[in-house]
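Please read through the structure below; I'll follow up with questions.
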Amino acid sequence: MFDLNQLNPQQRQAVTHGAGPLLLLAGAGSGKTRVITCRIAHLVQQGTSPEQILAVTFTNKAAREMRERVQEMTGRNAVKGMTISTFHSLGVQILKSHIDRLGFKRNFSIYATSDQLRLVRELLREAGADSSNRDAEQMIWRISAAKNRLIDAGQYQPTLRDPLSHLVATIYPRYQKALKAYNAVDFDDLLLLTVRLLEGQSELLAHYQQRFVYQMVDEYQDTNPVQYQLLKLLAGGHKNLCVVGDDDQSIYAFRGADISNILDFEKDFPGTRIIKLEQNYRSSATILAAANQLIANNRQRRPKTLWTSSPAGYAIDYLRCEDSEDEARQVVELIHAETFRHQRKFSDFAILYRTNTQSRAFEEQLRYDNIPYVLIGGQQFFDRKEIRDLVAYLRTILNPADEVNLLRIINYPKRGIGENSIDQIIRRSAEQNAGIWQLLQQPEQFDGIGQKTLTAIAEFVALIKSYQSTFKNPLRLLDTLRQLLNELKLADEIYRQEKDPQTAQRRIENQNEILNSLGAYIERNERPSLAGFVDAISLLDADPAGKDDKEKLLSGNTVTLMSLHSSKGLEFPVVFLAGMEEGFLPHKKSLDVTCDIDEERRLCYVGITRAEQRLVLLGARQRRKHGKLELREPSRFLAELPQQLLATRQAGVPADDGEEQQEKSANQFFQQMQQLLG
DNA sequence: GCGAAGGTGTTTTTT
DNA sequence: ACACCTTCGC
């Protein structure tokens with residue numbers, strides 16, 4: 001099991017706290033994951049049945065890790081019964097069993113951003129509005145924000161002085177109507193619909209309230225109103241809600257996270273016990289002092305002071321670099337030096353940045369120096385076009401009412417159903433108020449469509465129907481998917497489209513990787529099904545690792561590149577925090593629009609507190625933007641750090657300028673020579 | 001119905 | 001600088 005004596009007094013109090021609401025204010029590196037997992041193990045040890053335990057996290061990775069760590073303490077069987085999942089997969093789980101009460105069918109599709117984008121652009125076109133990608137993105141963003149704040153399509157109120165909100169008021173209800181017609185929900189619906197379902201079905205709510213006797217929430221500072229409402233509903237029975245968080249690490253206001261959820265917790269749950277975890281076990285005293293002094297500049301916060309018994313360690317480096325390439329070069333040089341001097345592994349290093357696009361320069365330099373790395377975030381595996389195309393087939397097979405995905409593949413690969421025909425089908429569908437899939441079954445009723453196209457439509461319908469039946473056999477899932485890949489000849493299509501044979505090869509390998517992904521899913525699940533697989537990958541947040549990446553992961557020895565947001569909850573011996581410039585950190589958008597400098601400071605705080613032994617801050621003097629050089633100012637946060645702990649250096653002059661300089665001096669030399677001779 | 005050329009905007013963070 | 005989308009021409 002585990003030893004209570006290995007915990008400090010506050011940790012022990014938290015672990016052994018029994019019934020009643022508990023707020024755990026856990027500073028960075030204070031062992032909060034350990035406390036949650038130990039608390040779960042302790043509850044089981046005290047006789048709580050695993051089925052009665054609910055633990056909610058924000059990312060799949062966090063859920064997976066929690067599950068693993070609890071399993072180490074309680075054994076496999078106990079963990080199996082527990083509900084340890086993300087908010088979103090909890091929503092899926094509840095909706096999969098009960099969504100029919102909201103008028104959806106249980107085989108609903110889950111729309112990711114690209115599906116939403118297709119749908120909203122279509123709706124904008126129909127509404128006669130600008131259907132550019134940018135406006136569609138704005139719409140999705142606004143609808144998402146509304147859903148996060150528990151505002152349904154019918155309740156949405158446009159604001160007078162906000163022109164875009166009027167368009168939202170038109171599109172949002174139509175969007176919702178379309179989703180329902182397609183038997184689809186988006187990410188935010190997974191939470192909002194779950195809340196509405198439980199609110200409307202008291203006996204269902206009572207069932208879940210009785211079932212989950214103890215509820216635990218990690219990263220509580222990041223909950224938004226829907227998530228909070230869901231928690232209030234689920235915990236409303238036993239009120240044994242234990243939330244763990246750190247207001248100083250609240251960095252998701254942009255997706256509706258409400259910091260007052262943690263600041264005002266005891267108002268909603270009277271009698272809350274508050275325990276602070278302030279001892280940091282992660283960072284050197286120097287790094288911690290810098291973090292403390294930085295975050296002290298924030299106004300609204302629960303006062304706390306992290307302390308450590310660790311020695312001071314290294315000074316914090318600040319390297320003022322010339323440009324992006326120089327910044328990358330400095331990082332790689334330091335990685336070389338550190339691996340050599342201190343026998344560090346590549347996995348000891350993390351490179352953190354504010355925006356995903358900053359990764360490019362580092363990737364190039366690391367590749368040039370043959371240093372293995374993994375890139376977290378950015379373009380996700382399941383967001384890549386070739387993957388989405390294949391998944392669109394699976395979604396259509398499962399739920400042909402899902403017209404976004406149906407239309408995506410109806411002529412991909414090209415089978416002779418052209419735009420004109422598709423337009424006509426869509427028009428007919430609107431006129432007769434009938435689903436497209438339904439219309440496709442009787443193609444003879446289309447008068448304006450040629451015989452060739454009609455045959456193609458019939459073949460397409462037959463294809464989908466045939467796979468609908470073969471995919472029903474759970475024992476032949478892999479074979480059937482392999483057969484589908486072969487039959488579609490998607491590889492040929494990719495070769496035709498892609499000019500560069502190497503990228504074509506990569507994309508095909510990506511597509512084949514789905515087979516491995518399905519294989520892994522089948523191994524993990526007792527009752528595998530195509531629907532289960534598609535749901536699982538719809539919720540995935542991480543790249544399942546391509547072929548190259550897999551070898552790296554096996555060796556486990558790679559440098560990690562990721563955004564500051566993705567870095568929360570992780571730790572590394574050496575952290576490079578790149579782009580310490582005005583405009584990046586704090587980000588330009590936060591200055592122009594939201595004016596929330598505090599959140600940017602928290603983001604910086606999160607970055608600093610990832611470091612165990614050595615922290616290197618970097619910034620560039622100039623950067624290329626849209627192809628043009630732009631001068632950059634050092635981040636204001638640098639001035640908020642204790643200067644005596646900071647070792648500032650000008651990094652080397654880049655090779656370009658060096659050559660220019662050399663050329664100039666050479667020219668001068670030759671001119672002088674000529675004067676002398678002349 | 002399909003490919004080529006030009007024009008546009010692109011870069012905040014995520015489930 | 002580049003990728004993506006739209007438009008145009010066949």
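To find a chain, count down the sequence lines: A is the first, B the second, and so on, and within it residues start at 1. Here the structure is a predicted model, which is why all the values come from computation and not from measurement.
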(message) Please check: side-chain N/O of A:N148 versus main-chain N/O of A:R255, any donor-acceptor pairing under 3.5 Å?
(response)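 The answer is yes, because a donor-acceptor pair under 3.5 Å joins these two groups.
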(message) Counting only side-chain nitrogens and oxygens, does A:N356 get under 4.0 Å of the OP1 or OP2 atom of B:dT13?
(response)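 Yes, because at least one side-chain N or O of A:N356 sits under 4.0 Å from OP1 or OP2 of B:dT13.
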(message) Please check this pair: side chain of A:S260 against backbone of A:L263, looking for a donor-acceptor N/O pair closer than 3.5 Å.
(response)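 The answer is no, because no donor-acceptor pair under 3.5 Å joins these two groups.
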(message) In this structure, how many angstroms lie between the P atom of B:dT14 and the CG atom of A:L570, rounded?
(response)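 Rounded to the whole Å, the gap is 13 Å.
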(message) Does A:K96 qualify as a cation-pi partner of A:F108, given the criterion of NZ or CZ under 6.0 Å from the six-membered ring centre and within 45 degrees of its axis?
(response)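 Here A:K96 passes the 6.0 Å and 45° test against A:F108.
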(request) Test side-chain contact (heavy atoms from CB on, under 4.5 Å) on A:V243 and A:T223 and set out the steps. (result) CA-CA 10 Å; A:V243 301; A:T223 47; over 6 Å; no
(request) Answer with yes or no whether the side chains of A:S324 and A:E327 bring together a donor and an acceptor at under 3.5 Å. (result)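 Judged by distance alone, the side chains do not pair up.
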(request) When you get a sec, tell me which of B:dT13, B:dG1, B:dT15 is the closest nucleotide to the side chain of A:S421? (result)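 Among the listed nucleotides, the one closest to the side chain of A:S421 is B:dG1.
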(request) Could you please name the option among B:dT13, C:dT6, B:dT15 that lies closest to any side-chain atom of A:T355? (result)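 Of the candidates, B:dT13 comes closest.
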(message) So if I take every side-chain heavy atom of A:T357 and compare against B:dT13, C:dT6, B:dT11, which nucleotide ends up nearest?
(response)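 Shortest atom-to-atom distance from the side chain points to B:dT11.
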(message) Is A:T59 close enough to B:dT14 that one of its side-chain N or O atoms is under 4.0 Å from OP1 or OP2 there?
(response)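 Looking at the OP1 and OP2 atoms of B:dT14, neither is under 4.0 Å from any side-chain N or O of A:T59.
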(request) Please state how far atom NZ in A:K61 lies from atom P in B:dT14, giving the value in whole angstrom units. (result)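 To the nearest whole Å, that distance equals 14 Å.
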(request) Please tell me which of A:I417 and A:I251 maps to the more 5' nucleotide of DNA chain B, matching each residue to the nucleotide holding its nearest heavy atom. (result)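 Result: A:I417.
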(request) Tell me which nucleotide among C:dT6, B:dC2, B:dT13 gets nearest to the side chain of A:K414. (result)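 So the side chain of A:K414 is nearest to B:dC2.
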(message) Need one value for A:F87: base, sugar-phosphate or nothing, where a base atom within 4.0 Å counts as base even if backbone is also close, heavy atoms only.
(response)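 Answer is nothing: A:F87 stays at 4.0 Å or more from every strand.
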(request) For A:S566, report the nucleic acid contact type (base, sugar-phosphate, nothing); a contact means any heavy atom under 4.0 Å. (result)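 Here A:S566 touches the backbone only, sparing every base.
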(message) Measuring from the side chain of A:S563 (C-beta onward, heavy atoms only), which nucleotide among B:dC2, B:dT13, B:dT15 has the closest atom?
(response)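 Minimum distance to the A:S563 side chain belongs to B:dT13.
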(message) I need the CG-P distance between A:L585 and B:dT11, as an integer number of Å.
(response)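 Value for this atom pair: 19 Å.
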(request) With C1' as the reference atom in both, quote the distance from B:dT11 to C:dC4 in angstrom, rounded to an integer. (result)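 It comes out at 15 Å once rounded to the nearest Å.
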(request) Figure out the CD/C1' separation between A:E122 and C:dC5, and round it to whole Å. (result)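 The answer, rounded to whole Å, is 16 Å.
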(message) Using a heavy-atom cut-off of 4.0 Å across all strands, would you classify A:N411 as base, sugar-phosphate, or nothing?
(response)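 It contacts sugar-phosphate atoms only.
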(request) Report yes or no: does A:D189 contribute a side-chain atom to a donor-acceptor pair with the main-chain N or O of A:L193 at less than 3.5 Å? (result)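 No.
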(request) Please tell me which of the listed nucleotides, B:dT11, B:dC2, B:dT13, lies nearest to the side chain of A:W141? (result)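 It is B:dT13.
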(request) Would you indicate which nucleotide in C:dT6, B:dT15, B:dT14 comes nearest to any side-chain atom of A:R121? (result)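 Within the option list, the nearest is C:dT6.
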(request) Round to the nearest Å and state the distance from A:K568 atom NZ to B:dT15 atom C1'. (result)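 Spelled out: NZ on A:K568 to C1' on B:dT15 is 12 Å.
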(request) Identify, between A:F187 and A:G416, the residue whose nearest nucleotide on DNA chain B lies closer to the 5' end. (result)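 So the residue in question is A:G416.
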(request) Report the distance from atom CG of A:L90 to atom P of B:dT15, rounded to the nearest whole Å. (result)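 So the CG-P distance, A:L90 to B:dT15, works out to 17 Å.
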(message) Could you tell me how far apart A:R360 (CZ) and B:dT11 (P) are, to the nearest whole angstrom?
(response)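 Answer to the nearest Å: 15 Å.
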(request) For B:dT14, take OP1 and OP2 only and decide whether either is under 4.0 Å from a side-chain N or O of A:N224. (result)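 It does not, given that no N or O in the side chain of A:N224 lies less than 4.0 Å from OP1 or OP2 of B:dT14.
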(message) In whole Å, I'd like the distance from the OH atom of A:Y353 to the C1' atom of B:dT11.
(response)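 Taking OH of A:Y353 and C1' of B:dT11, I get 13 Å after rounding.
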(message) Is A:F254 stacked against the base of B:dT13, taking the criterion as centroid distance under 5.5 angstrom and interplanar angle under 30°?
(response)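 Yes, A:F254 stacks on the base of B:dT13.
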